[in-house]
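To start, the structure under review is shown below, and the notes come after it.
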Amino acid sequence: MPLFDVERARQDTPGSQHILHLNNAGSSLMPQPVLDATIAHLQLETQIGGYEAVEQRQEVLDHAYDAAAKLINCSRDEIAFMESATRAWDTAFYSLPFKAGDRILTSMAEYASNYIAYLQLAQKTGVVIEAIPDDAYGQVSVEALRNMLDQRVKLISITHVPTSGGLVNPIVEIGKVAREAGILYLVDACQSVGQMPIDVQKIGCDMLSTTGRKYLRGPRGTGFLYVRRELIEQLEPIVLDLHSASWVSRDRYEIRSDARRFETWETNYAGKIGLATAIDYALDWGLENIWRRIKELSYNLRTQLSPIPGVIVRDRGITQCGIVTFTVEGVEPEEIKRQLARQQINVSVAVRNSTRLDMEARGLTTMVRASVHYYNTLEELTRFSAAIAQIADF
Ligand SMILES: *Cc1c(COP(=O)(O)O)cnc(C)c1O
């Protein structure tokens, strides 16, 4: 097994010198090349003007589509850049045609923003939202999904990796079911892109959304959407402008034929360049390498935390990813987060409102979320576990 050059990863990560960052599922530490590329564009805007900066950096901006396409194995015209994963997901979701009685099948670990959109649509149009039960491992049960299918199912919408744990849903197997049944398939890959290899051809999804700031280590306020070529022209974006469409005669407009029909004209160009740089940077490390390293670190962390009296690791699923969740008997996660912050350790708190179906089913209200990335070290995890042992032993 090739060794991961963690020294180089840390040299590239200024934040890792003074903070133990285990909030990569919230927002990862940006590597220096990403910061440099982002700032360079802002400087160029300052020096020569915003429009002129775009002209000068056109090649780099064009490259962003190639980088994203390479990352998830699609073509450049299937990518739209957005300001967040939520915008990307919403843009796809709200452009789907539904009518009363249509069924949307989703996962128990669904992200709140997605679920709120389902609820809004249900109220407006009378679509029916149903969560596919989990299997014995806590993953979406592919068998249960099969049994739920009928003519009324119009969308299968799955969160690949939830915000609240190590679970990795079987999106390839779900994709096979969706393809066989000819049902549209939307994947929220917000926590998995950048953490593990993602191949939309293998997944067989029609749409996929992700963010820049999490495992991709890009700037905040960035994300992108993938829409499968054959579907693009069937989806009418709910919002159009002079970039997504063109005003071809006095009373006629034409919508673009590529996925950029979901974008808007104005965008954060520095952020887009930063995200493209982050994607190149991730590709440079290799997603297989990154994924192997993250699994190794998170396995180590769970193994260190589990034996601590009072600590219960809460992650589910057969393959577990870099998001480690746990509770400590008698100590609120918010208090743990505060105590860790005093030791320059960053974690976050997973709350019920973010993944309500799953948390309710498991009788949980909050958990500590410690999410590792490849630049974290075994020494850091040992230091972290010692800090938790101390907090648990109150
Ligand atoms: C964070 C997250 C989102 C939202 O991403 P934004 O970039 O904040 O819009 C969506 N889905 C999951 C599973 C997430 O963890």
Side-chain angles (χ1 to χ4, degrees), residues 22-28 30 68 72 79-94 106-119 131 138-140 156-171 174 186-196 198 203 205 207-226 262-264 267-268 271-272 274-275 278-279 294 298 314-317 320-325 346-359 366-373:
L22 295 179
N23 191 14
N24 294 289
S27 189
S28 188
M30 271 190 283
I72 63 167
I79 297 288
F81 280 93
M82 306 268 154
E83 73 263 33
S84 71
T86 301
R87 260 299 162 263
W89 191 95
D90 282 344
T91 300
F93 178 74
Y94 283 100
T106 189
S107 52
M108 288 293 289
E110 201 62 7
Y111 190 65
S113 299
N114 305 352
Y115 212 88
I116 289 166
Y118 302 147
L119 293 174
Q139 316 181 142
V140 168
I156 299 173
S157 177
I158 303 291
T159 294
H160 186 199
V161 166
T163 192
S164 54
L167 174 68
V168 183
N169 270 322
I171 50 167
I174 294 168
L186 167 60
V187 173
D188 176 344
C190 192
Q191 292 290 2
S192 51
V193 173
Q195 180 173 191
M196 62 190 75
I198 294 291
I203 298 167
C205 55
M207 300 150 285
L208 179 140
S209 56
T210 195
T211 202
R213 72 177 186 280
K214 294 178 180 175
Y215 277 91
L216 276 175
R217 310 183 64 195
R220 294 203 64 170
T222 61
F224 67 85
L225 169 68
Y226 156 79
F262 299 107
E263 295 182 344
T264 51
T267 193
N268 176 355
K272 192 169 178 178
L275 176 55
I279 294 171
I294 288 175
S298 63
R314 301 286 183 175
D315 300 318
R316 308 176 87 200
Q320 296 188 339
C321 71
I323 305 178
V324 178
T325 50
N346 295 343
V347 293
S348 59
V349 174
V351 297
R352 184 175 274 196
N353 276 358
S354 295
T355 51
R356 173 168 289 281
L357 299 186
D358 171 62
M359 296 278 273
T366 57
M367 300 180 283
V368 181
R369 182 181 72 174
S371 43
V372 303
H373 215 322

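Keep in mind that the numbers below use all heavy atoms, side chains included, and drop hydrogens, waters and symmetry copies. The first residue in the sequence is number 1, and the count goes up from there. As the structure lists them, so they are numbered: ligands from 1, and atoms in each ligand from 1.
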Legend entry - Of V187, L216, T211, the residue whose pairing with V193 passes side chain to side chain contact (heavy atoms under 4.5 Å, CB included): L216
Legend entry - Side-chain donor/acceptor of H373 to backbone N/O of Y215, under 3.5 Å: yes
Inset, instruction - Evaluate the criterion side chain to side chain contact (heavy atoms under 4.5 Å, CB included) for residue pair L208 and I198; output intermediate values, then yes/no. - result: CA-CA 10 Å; L208 179 140; I198 294 291; 4.1 Å; yes
Inset, instruction - Calculate, to the nearest 0.5 Å, the distance between atoms CG and OG1 belonging to N114 and T159 respectively. - result: 5.0 Å
Legend entry - Residue of the set W89, Y111, Y94 for which ring pair (Phe, Tyr, Trp, His ring centres under 6.0 Å) holds with Y118: W89
Legend entry - Under the side chain to side chain contact (heavy atoms under 4.5 Å, CB included) test, residues paired with A68 that sit two or more places apart: I79, F81, F224, I279
Inset, instruction - List, ordered by chain and residue number, the protein residues whose closest non-hydrogen atom lies under 4.0 Å from any atom of ligand 1. - result: S84, A85, T86, Y111, T159, V161, T163, D188, C190, Q191, T211, R213, K214
